[in-house]
Amino acid sequence: MAKAKYTTHLGMFDILPDESPKWRALENIIHEEAAKFNFEEIRTPIMEQTELIKRGVGQLTDIVTKEIFAFKKGDSNYVLRPELTAPVVRSFVEHHLDQRGGSQKLYYIGPMFRAERPQKGRQRQFHQFGVEIIGSDDPVADVECIAFMMQIYKRIGIKNFNLKLNSVGDPESRDAYKSVLRDYLKPHFDSLSELSQKRFDKNPMRILDSKEPEDQEFIKNAPVISDHLNEESARHFEKVCDYLRKLGIEYTIDPLLVRGMDYYTRTAFELTSPDLGSQDALAGGGRYDLLVQEIGGKPTPAVGFAAGMERLMIACEELNIELALPKKVDIYIVSLGDNARSWALTALPKFREAGISATMDYLGRSMRAQMKDANRENAVYSIIVGDNELEEGKFTFRNMHESEEESLSLDEILTKLS
RNA sequence: GAGCUUGUAGCUCAGUUGGUUAGAGCGCUGGUUUGUGGCACCAGAGGCCGUGGGUUCAAAUCCCAUCAGGCUCCCCA
């Protein structure tokens, strides 16, 4: 139907009234669980300085090189945020949040923007929730972060997933590993895919992530970073694994897990689901001990994750999980005639003040049509008002599910419902 | 950026080898005792058959172009 003159942009979608309750339900779950973890919400602007995203996410990442929506206005370069770790860190540095004391345990919910080709589970405007714990390098922080992430899926009832874990090492370990990896790949350089050849110098670890068929043979036998971690990184990683086991959180170590953002150090993890199809990552994250400094703050360790909300909802649909209860309204006032209509209008606030949801017909329809409407709106009770009822001061109070009626005054109805 | 694929009512889709006023289900509106919903029945509204061009006596149907979706690769949430 290319009939509508104005439409949403490619890959951007309206959340319509039939869908919004499940979004609110999901958001409520996130807020409630975050409160249990004592995480605090942070909200940052939809737009950031382009330079922040380039520095934070990494100049050479796909996100920055081809997926950002950026424009210039006056002397400023604006970018629609493609992720929230860099903006949260910016906020942390800008407002000296370290001065609040301790480590900052922050969470967020909101839209992100990436100019990709849309497909199932991938949109240009999509929504994430996530956590950033800034100021602790204790493995406890890594594990609390993962535990929160898992708790959301557990509470919703998504059980079918795979938590993949790896350590990408600190800079020292990583440099050592990179040269080992280059030495290993060098003899095969000409056989590598074009993309991997490009990555060879700047970021050879990303080659491990390659899905090009010609690379697979070399990836399979490549040296593994866990054999090249320095003592500190290795100990940190062991602790993380150990704590996860103690919490009963299952994981698999995936030595090939390398994440797309440049800022990750040491712990990296990804949660995938077999219910999602080709875009199977539900959530991903890791430690980024260098980012705060990169953005201009004091050296400060941090760890976080981000989870895709649309993907979570796709998984719910696959599993027939209903996030939201069916809609309903407590009272629907069916009115006949002008006097009854104005009575209805003035009765509505009395219910609402008592915490009872109440509505009426706005179209002056027939009684039958109003009853149909009450049914469609899933009214628990209807109140039928006509001239007879107005004279007697008693109204027909109908239980829509039981199909039982009684004649009551407004006060009697209110008492009955409270 | 590349490959595949689809465009017919608000939604999901039928439309036979091109042939009279383009169909169904759901949804919507009204009605079946003028004051009672869900079920059933009846009726109605709603389509430049994505757009433009071509072939033909005749095109939703064939051809070309174009636009817009969807899926996949890549990458990620």
Side-chain angles (χ1 to χ4, degrees), chain A residues 1-4 7-13 16 18 57 60-67 81-85 108-130 149 193-196 198-199 206 209-213 215 257-261 269-273 276-285 304-315 332 334-337 340 361 363 365-389 395-405:
Chain A
M1 276 100 309
K3 219 172 70 181
T7 61
T8 57
H9 280 297
L10 176 67
M12 300 188 177
F13 300 91
L16 298 172
D18 286 343
V57 177
L60 297 173
T61 58
D62 283 353
I63 290 180
V64 166
T65 56
K66 51 187 200 196
E67 296 172 4
R81 60 193 198 188
E83 56 100 57
L84 221 48
T85 300
Y108 59 80
I109 302 177
M112 310 295 159
F113 303 85
R114 293 184 198 172
E116 298 182 275
R117 195 71 198 277
Q119 59 181 270
K120 188 179 183 188
R122 192 172 74 188
Q123 304 174 185
R124 290 187 156 197
Q125 176 174 344
F126 61 102
H127 298 79
Q128 292 186 327
F129 67 92
M149 177 176 93
S193 67
E194 203 181 325
L195 192 63
S196 293
K198 266 188 206 157
R199 285 168 171 167
R206 289 302 303 280
D209 216 18
S210 164
K211 272 144 201 145
E212 304 288 335
D215 295 335
L257 177 65
V258 180
R259 298 190 45 77
M261 267 68 82
F269 54 89
E270 200 168 278
L271 191 70
T272 58
S273 162
L276 284 183
S278 87
Q279 305 302 316
D280 68 347
L282 275 173
F305 80 88
M309 294 170 74
E310 282 83 359
R311 290 185 186 180
L312 191 158
M313 288 185 181
I314 290 170
Y332 190 111
V334 173
S335 58
L336 300 155
D361 167 65
L363 298 174
R365 287 180 283 191
S366 70
M367 174 165 185
R368 177 189 167 77
Q370 292 186 54
M371 288 302 288
K372 275 190 151 185
D373 197 34
N375 192 60
R376 178 177 30 231
E377 297 300 323
N378 199 15
V380 182
Y381 299 100
S382 59
I383 295 173
I384 299 164
V385 196
D387 291 336
N388 299 342
E389 286 82 355
F395 307 91
T396 306
F397 180 64
R398 180 178 180 86
N399 182 320
M400 296 294 281
H401 300 311
E402 311 294 329
S403 296
E404 281 165 5
E405 292 182 354

Test log, rule side chain to side chain contact (heavy atoms under 4.5 Å, CB included), inputs His401(A) and Asn378(A): CA-CA 9 Å; His401(A) 300 311; Asn378(A) 199 15; 3.7 Å; yes
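With respect to Phe126(A), the side-chain contact (heavy atoms from CB on, under 4.5 Å) criterion is satisfied by exactly one of Gln128(A), Arg122(A), Arg124(A): Gln128(A).
Rounded to a whole angstrom, the distance from the P atom of G35(B) to that of G30(B) is 14 Å. Taking atom C1' in both G7(B) and G50(B), the straight-line distance is 6 Å, to the nearest Å. The gap from the P atom of C41(B) to that of A68(B) amounts to 44 Å, rounded to the nearest Å. The separation of U16(B) from C62(B), taken at their P atoms, amounts to 9 Å, rounded to a whole angstrom. With both ends at atom P, the span from A59(B) to C75(B) equals 49 Å, rounded to whole Å. To the nearest whole angstrom, the two P atoms, one in U66(B) and one in A60(B), are 23 Å apart. C28(B) and G37(B) have their P atoms separated by 15 Å, given to the nearest Å. Taking atom P in both U61(B) and A22(B), the straight-line distance is 14 Å, to the nearest Å.
Residue contacts for Ala283(A): at a heavy-atom cut-off of 4.0 Å it reaches the sugar-phosphate backbone alone, with no base atom in range. Residue Gln123(A) is classed as a base contact, given a heavy-atom separation below 4.0 Å to a base. Among the heavy atoms of the strands lying under 4.0 Å from Gly121(A) is at least one base atom, whether or not backbone atoms are also near. Phe13(A) comes within 4.0 angstrom of sugar-phosphate atoms only, judged by non-hydrogen atoms across all strands, and of no base. Glu116(A) comes within contact range of at least one nucleobase, with a heavy-atom separation under 4.0 Å.
Within the 4.0 Å cut-off from OP1 or OP2 of U72(B), at least one side-chain nitrogen or oxygen of Gln119(A) is found. Phosphate proximity of U29(B) to Arg365(A): present, with a side-chain N or O under 4.0 Å from OP1 or OP2.
The interatomic distance linking Leu257(A) (CG) with C76(B) (P) rounds to 10 Å, in whole Å. For the pair Met12(A) CE and G69(B) P, the computed distance is 12 Å after rounding to whole Å. Across the protein-nucleic acid pair, Glu67(A) atom CD and C76(B) atom C1' stand 7 Å apart, rounded to whole Å. In this structure, CD1 of Ile109(A) is placed 15 Å from C1' of A77(B), rounded to the nearest angstrom.
Using a 4.5 Å heavy-atom threshold, the side chains of Pro111(A) and Arg81(A) count as touching. No side-chain heavy atom of His127(A) sits under 4.5 Å from any side-chain heavy atom of Ile109(A). Contact of the Ile384(A) side chain with the Met367(A) side chain is registered, since non-hydrogen atoms from C-beta on lie closer than 4.5 Å. For the pair Arg398(A) and Ser403(A), the minimum side-chain heavy-atom distance is below 4.5 Å.
When every heavy atom of Met400(A) is checked against every heavy atom of Ala374(A), the shortest pair comes out as CE-CB, 4.0 Å. Of all the heavy atoms in Ile383(A) and Phe397(A), the pair that sits closest is CG1-CD1, 3.9 Å. In terms of heavy-atom proximity, Ala340(A) sits nearest to Val385(A) at CB-O, 3.4 Å. Contact record, Met149(A) with Ala283(A): SD-CB, 3.7 Å, taken as the closest heavy-atom pair.
Counting atom types as modelled, Arg122(A) pairs a side-chain N or O with a base atom of C75(B) as donor and acceptor under 3.5 Å.
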Contact pattern, 5' to 3', of nucleotides 34-40 of chain B - B, S or - by protein heavy atom under 4.0 Å: -BBBB-B
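The number of heavy atoms from other shown groups lying within 6.0 Å of NE2 (His9(A)) does not exceed 12.
Here the side chain of Gln370(A) pairs a donor or acceptor atom with the backbone of Arg365(A) at under 3.5 angstrom.
With pairs defined as Watson-Crick or G-U wobble and both atom distances under 3.5 Å, the stems of at least three pairs that touch RNA chain B come out as B:1-7 with B:67-73, B:10-13 with B:23-26, B:28-32 with B:40-44, B:50-54 with B:62-66.
Comparing Gly11(A) and Leu282(A) by the nucleotide of RNA chain B whose heavy atom lies nearest to each, the residue mapping closer to the 5' end is Gly11(A).
Between Phe269(A) and Phe305(A), the ring-plane angle classifies as tilted under the 30° and 60° cut-offs.
Within a heavy-atom distance below 4.0 Å of RNA chain B, the residues of residues 304-313 of chain A found are Ala306(A), Gly308(A), Arg311(A).
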